[in-house]
Amino acid sequence: MWAEARHQKIRSLLQRHDRITTEHAMRELGVSRETVRRDFLEMEALGLLQRVHGGAIHLSDEPPLDKRNTIHVAAKKAIARAVAQRLRAPLTLFMDAGSTTTILARELTQLSGLTLITNSLSAAACFTESRPAPDSQVIILPGSLNTELFSTTGSSTILKIQDFHADIALLSPVAVNARQGASSFLHDEAVIARAMSAGANETWILADHSKIGAASRETFCPANRIDRLFSNHAAQDADGYEDLRGQVGEAVLV
């Protein structure tokens, strides 16, 4: 079997199972352990999977925002409330675009003394639906319109982020694990989150249990630079949670 055909077979296995062992791949492909290891290395370099002890895991992509808004809603609301309860104004906050951060924005409309800097049009819109406190403000970052994420993106967005310094970056990744840290599937999302993290005193990651232990294409914050990780109690059952908890500054489960 040619390498290209093996890679396609491995991708199919990962799409069905999310995680496969080296032995499983050997049986399915009818090749040696060294061949599988070499395939895993090549596919990891191409951003098609992540190698883990004993095998490989699927790199998570992310559905459109309108679909994300219907997934794990109760967990995301609990995470948002927990984050809001730990914010002590006055604060300047970065916030990226995502379903969890949009839910958090609704919580933030009830707080005073905040300056929220975001590329999320959905998050900004929350402050038009509920009148914010008079001493809070929202700054929408400029850039090109991303219609799937309802956000701004591009080089002008990054440059404007670099004009600010925030107390906390509130970021919602596609996946987060001990080895890779917080990651996104799309490059444009990753570079914005990375710039926000770099420009803030602290980075708080908001990730429900489905994202814990998972991996995606591009890291934007290593695990040991995550100051607080917010998730729900089901995260404790996720593969890799204990390793991740040992890397981050604090894990908050709700």
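Here salt bridge (charged side-chain N to carboxylate O under 4.0 Å, His left out) pairs that include residues 172-183, with residues two or more places apart or in two chains, are E44-R179. The salt bridge (charged side-chain N to carboxylate O under 4.0 Å, His left out) pairs that include a residue from residues 80-89 number zero, where partners must be two or more places apart or lie in different chains. Counting only residues at least two apart or in different chains, ring pair (Phe, Tyr, Trp, His ring centres under 6.0 Å) contacts with residues 78-109 are absent. The stretch residues 152-168 participates, sequence neighbours left out, in these side-chain hydrogen bond (donor to acceptor under 3.5 Å, both in side chains) pairs: H165-N201. A ring pair (Phe, Tyr, Trp, His ring centres under 6.0 Å) check over residues 195-227, counting only residues at least two apart or in different chains, returns the pairs H72-H209, W204-F230. Residue pairs meeting the ring pair (Phe, Tyr, Trp, His ring centres under 6.0 Å) criterion with at least one partner in residues 12-40, sequence neighbours excluded, are H17-H24.
From D39, atom CG reaches atom CZ of R6 across 4.0 Å, with rounding to the nearest 0.5 Å. One finds the CD1 atom of I168 at 5.0 Å from the CG atom of L91 (value rounded to the nearest 0.5 Å). Atom OG of S197 and atom CG of L171 lie 6.0 Å apart (nearest 0.5 Å). Rounded to the nearest 0.5 angstrom, E28 CD and E23 CD are separated by 13.0 Å. To the nearest 0.5 Å, atom CD1 of residue I103 and atom CD1 of residue I79 are 9.0 Å apart. Here L49 contributes atom CG and L13 contributes atom CG; the two are 11.0 Å apart, rounded to the nearest 0.5 Å.
Contact detail for S183 and A215: the closest heavy-atom pair is OG-C, 4.2 Å. Across all their heavy atoms, P173 and L206 have their closest contact at CD-O, 3.4 Å. Between M43 and H7 the shortest heavy-atom distance is CE-O, 3.4 Å. Heavy-atom minimum distance, A97 versus E189: O-OE1, 4.3 Å. When all heavy atoms of L108 and A84 are compared, the pair lying nearest together is CD2-CB, 4.5 Å. Of all heavy-atom pairs spanning V174 and S216, the tightest one is CG1-OG, 3.7 Å.
Between the T118 side chain and the S120 main chain, a donor and an acceptor come within less than 3.5 Å of each other. Distance alone, capped at 3.5 Å, is enough to place a donor-acceptor pair between the T101 side chain and the D96 backbone. Looking only at distances, a side-chain donor or acceptor of T109 sits under 3.5 Å from a matching main-chain atom of R106. S172 contributes no side-chain N or O that, together with a main-chain N or O of T100, makes up a donor-acceptor pair within less than 3.5 Å. Judged purely by atom type and a 3.5 angstrom limit, D227 uses its side chain to pair as donor or acceptor with the backbone of T203. A distance-only check finds no donor-acceptor pair linking the side chain of N224 to the backbone of Q247 [under 3.5 Å]. Here the side chain of S136 pairs a donor or acceptor atom with the backbone of L114 at under 3.5 angstrom.
Residues I212 and V176 have side chains in contact (heavy-atom distance under 4.5 Å, counting atoms from C-beta outward). Using a 4.5 Å heavy-atom threshold, the side chains of S32 and R37 count as separate. Side-chain contact between N232 and L253 is absent, with no heavy atoms from C-beta onward closer than 4.5 Å. You'll find the side chain of V252 stays beyond 4.5 Å of the side chain of L229, heavy atoms only. Considering only heavy atoms from C-beta on, F164 comes within 4.5 Å of I139 through its side chain. At a threshold of 4.5 Å between non-hydrogen side-chain atoms, the residues L93 and T115 do not count as touching.
Partners of R228 under the side chain to side chain donor-acceptor pair (under 3.5 Å) rule, at least two apart in sequence or in another chain, are E250. With sequence neighbours excluded, no residue satisfies side chain to side chain donor-acceptor pair (under 3.5 Å) with Q236. Applying the side chain to side chain donor-acceptor pair (under 3.5 Å) rule to Q110 yields no partners; only residues at least two apart in sequence or on another chain are considered. For E107, the side chain to side chain donor-acceptor pair (under 3.5 Å) test picks out no residue, with sequence neighbours left out. Listed by chain and number, the residues in a salt bridge (charged side-chain N to carboxylate O under 4.0 Å, His left out) with R11 amount to none (sequence neighbours excluded).
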Please step through side chain to side chain contact (heavy atoms under 4.5 Å, CB included) for the pair I192 and I158, ending with a clear verdict. CA-CA 6 Å; I192 286 172; I158 303 300; 3.6 Å; yes
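Under the 4.5 Å side-chain contact rule for hydrophobic residues, I205 and I161 share a cluster. Transitive grouping of hydrophobic side chains (ILVMFWY, heavy atoms separated by less than 4.5 Å) brings I226 and Y241 into a common cluster. Placement of V138 and L145 within a single hydrophobic cluster is found when ILVMFWY residues are connected by side-chain heavy-atom separations under 4.5 Å, directly or transitively.
Judged by distance alone, the side chains of T102 and S99 never bring a donor and an acceptor atom under 3.5 Å apart.
No more than 12 heavy atoms of other residues, nucleotides or ligands shown are found within 6.0 angstrom of CD on E4.
Residue L41 shares its hydrophobic cluster (ILVMFWY side chains chained together at separations under 4.5 Å) with no other residue.
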